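All ligand and atom numbering here is 1-based and tracks the order in the structure. Predicted model, so just to flag it, every value in this text is computed and none were measured.
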Amino acid sequence: MKTLILGSGAREHAIAWAFAQSRTNSGLFCLPGNAATAELGTNLHGDPENIAAVLKATQYTGSKLVIVGPEAPLAAGVADSLREAGLAVFGPGKEAAKLEASKSFARALTDRAGIPSAATKQFIAFNDFAAWLPGKEGNKLVLKKSGLAAGKGVFESADPNELKAFAKKVLQSDTVLVEEFLEGYELSVFALCDGEDYILMPACADHKKSGEGNQGQNTGGMGAICPVPCSDPDLMRRIESIIIEPTFRMLWQEGLLYRGVLFFGIMVTASGPKLLEFNVRFGDPETQSLLPLLASDAIDLFWTVSTGRVRELQLEYRPLTAVGITLAAPGYPGAYPAHIPVQALPASSANALLFHASTLRDAEGQLRTGGGRCFSAVGLGQDYFQAHSRALKLAEAVHFEGVWFRHDIGRAFCKDS
Ligand code: AMP
Ligand code: GLY
């Protein structure tokens, strides 16, 4: 089968890598892809949010299945247009994509469904926010931009001046949500669904903070572990019964057809699991740790979901642990230099996989970084320690000026294992 993957990140490279090994792969196309996906298939020029360009790419390549990696094309309605053209698409339509593209929309749905989450207030006017804030000092609050923000829409602080500055910026163009700060640990749970049935994949844990020990600023994700040792069956059953089932029930009741993967960002607190957010696509960096564990055929999986046959899925996983480390550009998550030459690039092996994020080759063939998060180094092992040391060894062998990464991905989950 010929397939088209939209996006250019390490998540899309991991999907392409899994597809390249599928027994049904007969042509792999990425729009726009990166320097590594060019070696697994064919990269196509174009903007994945441009519906006409994506439709043309499917016609030109003869692709029957389209995987939408990032959220922006889903929010732009790309999946709806592709479905209207008769293609199988992995990813929800524009209306359901509001679960990620509008936190206000998502919040209203979870409140109607009675799903446990942080106490929230919403503001559309700065004066109302400024009038509400006094008396809340000393407590850390979380401010969120309602719309898409490419991982930069969340701000935590206990300082009223900082909170006001962030709220003022957001309120120029969007609604701001204010949440109580939840203490706990985070899980990313992925549900493959087709509008009628769903199936859960092994839980992952992303590491959102820039610094060791979960200190520092929020990022898009500095690494992930899968599976998570503490996501035992009891906890997963509880998450399913109080968060996941009520969400799908509500989607069905409200007639929102959801086909693709629904990502539940969960905080496990002392008083139980609470929903932090929905995403309408696979996580990055979680996918880079999740897909290498999949023993089942990856194209079969995406095709079965996209053609509405989730009920038939019987997924198998390798009994290993995967630890992925994000290699970032200097300055990330703030401003960072673009297109840094990559001086050393280790080869991947069976137990150590290097996924590229938005890398490119210049006219001289020099490999260059593309964004703030540049690579994911993923180690696979019999246990956390083996997986982590393989990931670290791979990460340490990548050289470009200013490269940095966290050395403690997964450690907090595995002290006793
Ligand atoms: P979101 O886009 O809502 O997932 O937020 C991004 C990240 O901010 C999450 O993965 C958490 O690390 C953090 N975060 C969001 N909401 C809260 C909250 N209410 N309490 C604590 N941390 C939060
Ligand atoms: N890992 C979090 C995200 O993909 O949004």
Could you check if a side-chain atom of Glu396 sits within less than 4.5 angstrom of a side-chain atom of Phe405, using non-hydrogen atoms only? yes

If the cut-off is 4.0 Å to any non-hydrogen atom of Asn279, which atoms of ligand 2 fall inside it? 5 (O)

Quick test: of every protein heavy atom, which one is nearest to atom 7 (C) of ligand 1, and how far off is it to 0.1 Å? Lys208 CE, 4.0 Å

Determine whether more than 12 heavy atoms belonging to other residues, nucleotides or ligands lie under 6.0 Å from atom CD of Gln253. yes

Which residue supplies the protein heavy atom nearest to atom 17 (C) of ligand 1, what is that atom called, and how far is it? Leu276 CD2, 3.5 Å

Is any side-chain heavy atom of Glu180 closer than 4.5 Å to a side-chain heavy atom of Val142? no

Taking the ring centre of each residue, are Phe19 and Phe302 less than 6.0 Å apart? yes

Please answer whether the main-chain N or O of Leu55 pairs with a side-chain N or O of Thr58 as donor and acceptor at a distance below 3.5 Å. yes

Atom CG in Leu290, atom CE in Met201: separation rounded to 0.5 Å? 4.5 Å

What's the spacing between Leu200 CG and Arg237 CZ if we round to 0.5 Å? 12.0 Å

Could you list the atoms of ligand 2 found under 4.0 angstrom from a heavy atom of Asp206? 1 (N), 2 (C)

Given 3.5 Å as the limit, does a donor-acceptor pair link the side chain of Asn34 with the main chain of His356, or not? yes

At less than 4.0 angstrom from any non-hydrogen atom of Gly283, what atoms of ligand 2 do you find? 4 (O)

Under a 4.0 angstrom heavy-atom cut-off, which atoms of ligand 1 come close to Glu179? 16 (N), 18 (C), 19 (N)

Approximate separation, where rounding is to 0.5 Å, of Arg406 CZ and Thr219 OG1: 8.0 Å

Consider ligand 2: state whether an atom of it lies below 4.0 angstrom from any non-hydrogen atom of Gly221. no

Identity and separation of the nearest protein heavy atom to atom 5 (O) of ligand 2: Arg281 NH2, 3.0 Å

Residue and atom name of the nearest protein heavy atom (relative to atom 5 (O) of ligand 1), distance in Å to one decimal: Val154 CG2, 3.4 Å

So which protein heavy atom does atom 9 (C) of ligand 1 come closest to, and at what separation? Glu186 OE1, 3.5 Å

Under a 4.0 angstrom heavy-atom cut-off, which atoms of ligand 1 come close to Glu180? 18 (C), 19 (N), 20 (N)

Short list, please: which atoms of ligand 1 are under 4.0 Å from a heavy atom of Asn218? 8 (O)

CG/Leu28 to CH2/Trp17 distance, rounded to the nearest 0.5 angstrom? 13.0 Å

Counting each atom of ligand 1 from 1 as listed, which ones have a heavy atom of Glu156 under 4.0 Å away? 13 (C), 22 (N)

In terms of residue, atom name and distance, what is the protein heavy atom nearest to atom 16 (N) of ligand 1? Lys144 NZ, 2.9 Å

Using a plain distance cutoff, I'd like to know if Glu286 has any nitrogen or oxygen under 3.5 Å from a nitrogen or oxygen of ligand 2. yes

What distance do Leu141 atom CG and Asp159 atom CG have between them, rounded to the nearest 0.5 Å? 11.0 Å

So, do Phe355 and Val378 sit near enough that their side-chain heavy atoms are less than 4.5 Å apart? yes

Considering only protein heavy atoms, which is closest to atom 20 (N) of ligand 1, and at what distance to one decimal place? Leu182 N, 2.8 Å

Of the choices Glu277, His207, Lys209, Lys274, which has the non-hydrogen atom that lies closest to atom 1 (P) of ligand 1? Glu277

Ligand 2 atoms nearer than 4.0 angstrom to some heavy atom of Lys208 are 2 (C)

Polar proximity ligand 2 side, Glu277 side, N/O cut 3.5 Å exclusive: no

Yes or no: does Glu183 have any heavy atom under 4.0 Å from an atom of ligand 1? no

Say whether Ser188 and ligand 2 are in contact under the criterion: heavy-atom distance to a ligand atom below 4.0 Å. no

Close approach, Arg11 and ligand 2, non-hydrogen under 4.0 angstrom: no

Phe190-Phe282 aromatic ring centre distance below 6.0 Å: yes

Only heavy atoms of Met267, strictly under 4.0 Å: list the atoms of ligand 1 that pass. 21 (C), 22 (N)

Fit a plane to each ring of Tyr185 and Phe413, take the angle between them on a 0 to 90° scale, and name the class: parallel (under 30°), tilted (30 to 60°) or perpendicular (over 60°). perpendicular

